[in-house]
Amino acid sequence: MYRYLQRRLAGAVREFLRRNYSLELETVVIEQPPKVELGEYALPLAFDLAKKLRRAPRKIADEVVAGLGPVEGFEKFEVAGAGYINARVDRAAVAVALASDEKPKHDVPDGKILVEHSSINPNKAAHIGHLRNAILGDTFVRLLEYAGREVDVQNYIDNTGVQVADVVVGFTHIEKTSGAEIEQLSRQPRFDYYCWDLYARVSQWYEQDKQNLQVRAQTLHAIEDAAGETAAIADLISVAVLRRHLETMDRLEIEYDFLPRESEILHLHFWDAAFAKLKEAGVLLFETQGKNKGCWVMRRAGTSKSEIAEGAEAGAESAEKDEISEDDQKVIVRSNGTVGYVGKDIAYHMWKFGLLGRDFGYRNFYRYPNGHDCWISATEGEKNHPHFGDVAEIYNVIDARQSEAQNTVIEALRGLGHGEAAEHYTHFSYEMVALTPRCAAELGYTLSEEDKARSYIEVSGRRGFGVKADDLIDALITSAKKEVDSRHPQLGDSERRTIATQIAIGALRYFMLKYTKQSVIAFDFKEALSFEGETGPYAQYAVVRATSIFRKAGIDPEPFCKDVAGNLSSAFAQHLTGEAANEIWGLWLTAAKTSYIVDQSIATTEPAYLAKHAFQLAQFFNTFYHRHPILSEPDETRKQFLLSTVAVVRRELIRTLAVMGITVPPVM
RNA sequence: GGGCGCGUAGCUCAAACGGAUAGAGCACCGGAUUUCUAAUCCGGUGGUUGCAGGUUCGAUUCCUGCCGCGCCUACCA
């Protein structure tokens, strides 16, 4: 609703400027006044125009206000401060439209969107860093779906890399486990925990004797031969750990549609197809000298053609074209002919956009308890399968450390002449989750003096140093369960457990979403386990309160607000106008913003805005709840009005939380 | 060295496109409702937005320089 009116206002202003000043403005900046009593929208437009028109901002603002004419949905326009134009909406009309849940039509762009997230190495348990990735990614998927887009969710599995090889080495060379024994172990409930410890031991084993690293190289090589025994062991391990990851993420209601694996990119020769095109387009160059002699290299993203070219004339340019200074080279194909991961990533991304001319085989891999199927890549797939890839836009949820690699893939696409694809390729970059020194100490790690002084310490899978995802979820559930047990002893144990789980997930997902992406999260149990203040449970609790009002009143809140909107529009007008109504109107206005916030979150790839919105709604509601007794309100129409306020806020808060993947228990 | 990012209250973080008095949560201190359950609410303490310049009617936001911190910069993935 808020978004819709804002667009209409922007359109009217643009039209006015065209008519009266012959000005074309691309974007009309519209913000919100610091207080609701000043209006719903503010335009700082006159300050900008003052320069262009060489007149005082206030004068221009006066002119705009006088000449804008009536705009549907708006009551009036006023000049305020040094030249702001504040717009006031017809509150009752907005409230009626919101209560009856009118959804003004707007265009949804065509084409499918592919979101890639999680992409955890399938060699050990998922940790809190992976949780941030998956929660950001899953929330972004939900945002896109809320906006009406069709989305495929992919989780890329690097099942032939060093990390899997290391665990294979652990089993075959340190533990000397047989294939049958590994198979047995892999059926244990938390096989990924076993691998977590083993992986750390392998790293130590390499450190003990650098000779041991040769075993890694051999193993890595052996994994690539699909027919061999080592490859079979690697597959056994990676598939078992992958299943564990799917289970862990499913606890948070995070699901995937397709799991493309590196093994298939290898065995279906995706790279060969990509390599040919890259050579042909001149994106890759064969280096004949220097440290990268014998490699196929590409210009690293973010590096520019050397400064000599700037000053020099056209003659120097052609020589420049075929050369990249050594420091700016990214090796794509090694001198021994093997391709690095960036190369495979380029091929994979050509596939995503339908530009490779090859496809995966597909096998049904995992059925979620809700019946949703998750598919996996295969060299020989099933006949009937959904169509993946060939999409219009992609988002890759990958941490900031990989931004250079991501940009290199984008540059490769551009170099191949697929500028359109490059434009629709978004690296959804976010910062890592680290541990506070206190948290690290709690986990039993001895810290150097240097470490103690840091604000955070990076986790290390190699050292087995970190907080496992399932452990954190377990701790959250235990902690929430204790609270629920003491608050609701009359409920059955399984019911209390269900509630505690909802609260735990709410706390965890909110925690991971409330920080902006570029902020490193310094993880601390105390803050992550908090259920008070700016947390998921705070927002859930607001909904519980709203629900309980309706339960006591014996009214179903869903149909209630739609009905009341039609019958009570005059009451809305009466209770929403005037000074005294500003506080409640602020609540309505915030509730009206959900779609606007969703759009903003998508446009900026920043789910934190959504978290902020949920918190703000809950906070305003709690204040309102405290100030206005509703069921005891003697004036019947006012009571209906207050009830509809609760119903609308409840509905919008539930929606907002749902986009964040948070559900609300019946009681708390 | 080069690239990317960060520096805001005691702590953890907000403030999209430059805008009206820089806001929350935690912590600390003091209060509130025999009610629609207090996982709540209200009040208080707390700021030279790293430093120095510049652009602008207006800078936490843009530009330059400096200081401090993190990540990336492998024929690893």
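Naming: A, B, ... by sequence-line order, numbering from 1 per chain.
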Chemist: Any side-chain N or O of A:Arg454 under 4.0 Å from OP1/OP2 of B:G70?
Modeler: yes
Chemist: Are any of A:Tyr538's side-chain N or O atoms less than 4.0 Å away from OP1 or OP2 of B:C41?
Modeler: yes
Chemist: Under 4.0 Å, heavy atoms only, any strand: does A:Lys517 hit a base, just the sugar-phosphate, or nothing?
Modeler: nothing
Chemist: Any side-chain N or O of A:Gln619 under 4.0 Å from OP1/OP2 of B:G25?
Modeler: yes
Chemist: Which base, if any, makes a Watson-Crick or G-U wobble pair with B:A77, both distances under 3.5 Å?
Modeler: none
Chemist: Ignoring hydrogens and angles, are the base of B:C75 and the side chain of A:Ser335 linked by a donor-acceptor pair under 3.5 Å?
Modeler: yes
Chemist: Could you work out which one of B:A77, B:A39, B:C75 sits closest to the side chain of A:Phe531?
Modeler: B:A39
Chemist: Between the side chains of A:Asp62 and A:Lys59, is the shortest nitrogen-to-carboxylate-oxygen separation below 4.0 Å, so that they form an ion pair?
Modeler: no
Chemist: What nucleotide, of B:C36, B:A16, B:A74, holds the atom closest to the side chain of A:Tyr609?
Modeler: B:A16
Chemist: When you measure from the side chain of A:Ile503, which nucleotide among B:G70, B:A39, B:C13 comes out closest?
Modeler: B:A39
Chemist: In whole Å, what separates the P atom of B:A52 from that of B:U61?
Modeler: 13 Å
Chemist: Does B:U37 have its OP1 or OP2 closer than 4.0 Å to a side-chain nitrogen or oxygen of A:Ser548?
Modeler: yes
Chemist: The side chain of A:Met432 is closest to which nucleotide in this list: B:C76, B:C17, B:G70?
Modeler: B:G70
Chemist: Suppose you measure atom C1' in B:G46 against the same atom in B:C11; what distance do you get, rounded to whole Å?
Modeler: 12 Å
Chemist: Separation of A:Glu458 atom CD from B:C72 atom C1', in whole Å?
Modeler: 11 Å
Chemist: Assess whether a salt bridge exists between A:Arg300 and A:Glu404, defined as any Lys/Arg side-chain N lying under 4.0 Å from an Asp/Glu carboxylate O.
Modeler: yes
Chemist: Please report, rounded to the nearest Å, how far the P atom of B:A74 is from the CG atom of A:Asp328.
Modeler: 11 Å
Chemist: For B:A77, does OP1 or OP2 lie under 4.0 Å from any side-chain N or O of A:Tyr156?
Modeler: no
Chemist: Less than 3.5 Å between a donor and an acceptor, one on the side chain of A:Tyr596 and one on the base of B:A16, is that the case here?
Modeler: yes
Chemist: What's the closest nucleotide to the A:Glu527 side chain, out of B:U12, B:A16, B:A77?
Modeler: B:U12
Chemist: So, is A:Lys552 near the phosphate of B:U37, with a side-chain N or O under 4.0 Å from OP1 or OP2?
Modeler: yes
Chemist: Would you kindly compare A:Gln329 and A:Gln518 by the position of their nearest RNA chain B nucleotide and give the one closer to the 5′ end?
Modeler: A:Gln518
Chemist: Do NZ/NE/NH1/NH2 and the carboxylate oxygens of A:Glu262 and A:Lys344 come within less than 4.0 Å?
Modeler: yes
Chemist: Do A:Ser203 side-chain atoms and A:Arg462 backbone N/O form a donor-acceptor pair below 3.5 Å?
Modeler: yes
Chemist: Measure from CG on A:Leu529 to P on B:U12 and round the result to the nearest Å.
Modeler: 18 Å
Chemist: Taking NZ, NE, NH1 and NH2 as the nitrogens, is one of them in A:Arg401 or A:Asp399 under 4.0 Å from a carboxylate oxygen of the other?
Modeler: yes
Chemist: When all nucleic acid strands are considered with a 4.0 Å heavy-atom cut-off, which category describes A:Val484: base, sugar-phosphate, or nothing?
Modeler: base
Chemist: Tell me: CG of A:Leu45 to P of B:C17, nearest whole Å?
Modeler: 18 Å
Chemist: Mind checking who B:C69 pairs with, Watson-Crick or G-U wobble, both distances under 3.5 Å?
Modeler: B:G5
Chemist: Mind calculating the distance between CD (A:Glu31) and P (B:G18) to the nearest angstrom?
Modeler: 10 Å
Chemist: Give the C-alpha distance, both sets of side-chain angles, the deciding distance and a yes or no for side chain to side chain donor-acceptor pair (under 3.5 Å) between A:Glu636 and A:Gln640.
Modeler: CA-CA 6 Å; A:Glu636 189 54 33; A:Gln640 296 290 306; 3.1 Å; yes
Chemist: Pick base, sugar-phosphate or nothing for A:His427, based on heavy-atom distances below 4.0 Å to the nucleic acid.
Modeler: nothing
Chemist: Taking atom C1' in both B:A59 and B:G18, what distance in whole Å separates the two?
Modeler: 6 Å
Chemist: Side chain of A:Glu262 only, please: which of B:A77, B:C75, B:A39 is the nearest?
Modeler: B:A77
Chemist: Nearest to the A:Tyr515 side chain among B:A20, B:G25, B:C13, which nucleotide is it?
Modeler: B:C13
Chemist: Assess whether a salt bridge exists between A:Lys612 and A:Glu534, defined as any Lys/Arg side-chain N lying under 4.0 Å from an Asp/Glu carboxylate O.
Modeler: yes
Chemist: Any idea which of B:C36, B:G70, B:C42 is nearest the A:Tyr456 side chain?
Modeler: B:G70
Chemist: In Watson-Crick or G-U wobble terms, both distances under 3.5 Å, what is the partner of B:U61?
Modeler: none
Chemist: Output the single nucleotide from B:U40, B:A20, B:C36 whose closest atom is nearest the side chain of A:Asn622.
Modeler: B:U40
Chemist: When you measure only distances, ignoring hydrogens and angles, does the side chain of A:Tyr341 come within 3.5 Å of the base of B:A77 through a donor and an acceptor?
Modeler: yes
Chemist: So, does the side chain of A:Asp345 form a donor-acceptor pair with the base of B:A77 at under 3.5 Å?
Modeler: no
Chemist: Taking CG from A:Asn407 and C1' from B:C4, how many angstroms apart are they, rounded to a whole number?
Modeler: 9 Å
Chemist: B:U34 pairs with which nucleotide, Watson-Crick or G-U wobble, both distances below 3.5 Å?
Modeler: none
Chemist: Please check the phosphate of B:C75 (OP1 and OP2 only) for any side-chain N or O of A:Asn336 closer than 4.0 Å.
Modeler: no
Chemist: Mind calculating the distance between CD1 (A:Ile630) and P (B:C36) to the nearest angstrom?
Modeler: 11 Å
Chemist: Checking A:Ser263 against A:Asn159: is there a side-chain donor and acceptor pair closer than 3.5 Å?
Modeler: yes
Chemist: I need the OH-C1' distance between A:Tyr430 and B:G70, as an integer number of Å.
Modeler: 16 Å
Chemist: Across the strands shown, which category fits A:Asn159 at heavy-atom distances under 4.0 angstrom: base, sugar-phosphate, nothing?
Modeler: nothing
Chemist: Both distances below 3.5 Å, Watson-Crick or wobble geometry, any strand: find the nucleotide opposite B:C28.
Modeler: B:G44
Chemist: Output yes when at least one side-chain N/O atom of A:Ser519 is less than 4.0 Å from OP1 or OP2 of B:U12, else no.
Modeler: no
Chemist: Does a side-chain N or O from A:Arg334 land closer than 4.0 Å to OP1 or OP2 of B:C76, or not?
Modeler: yes
Chemist: Between A:Glu404 and A:Arg627, which has a closest nucleotide on RNA chain B that is more 5'?
Modeler: A:Arg627
Chemist: Hey, are A:Lys291 and A:Asp327 close enough for a salt bridge, meaning a charged N less than 4.0 Å from a carboxylate O?
Modeler: no
Chemist: Counting heavy atoms from C-beta on, name the nucleotide in B:U73, B:C36, B:C41 closest to the side chain of A:Tyr625.
Modeler: B:C36
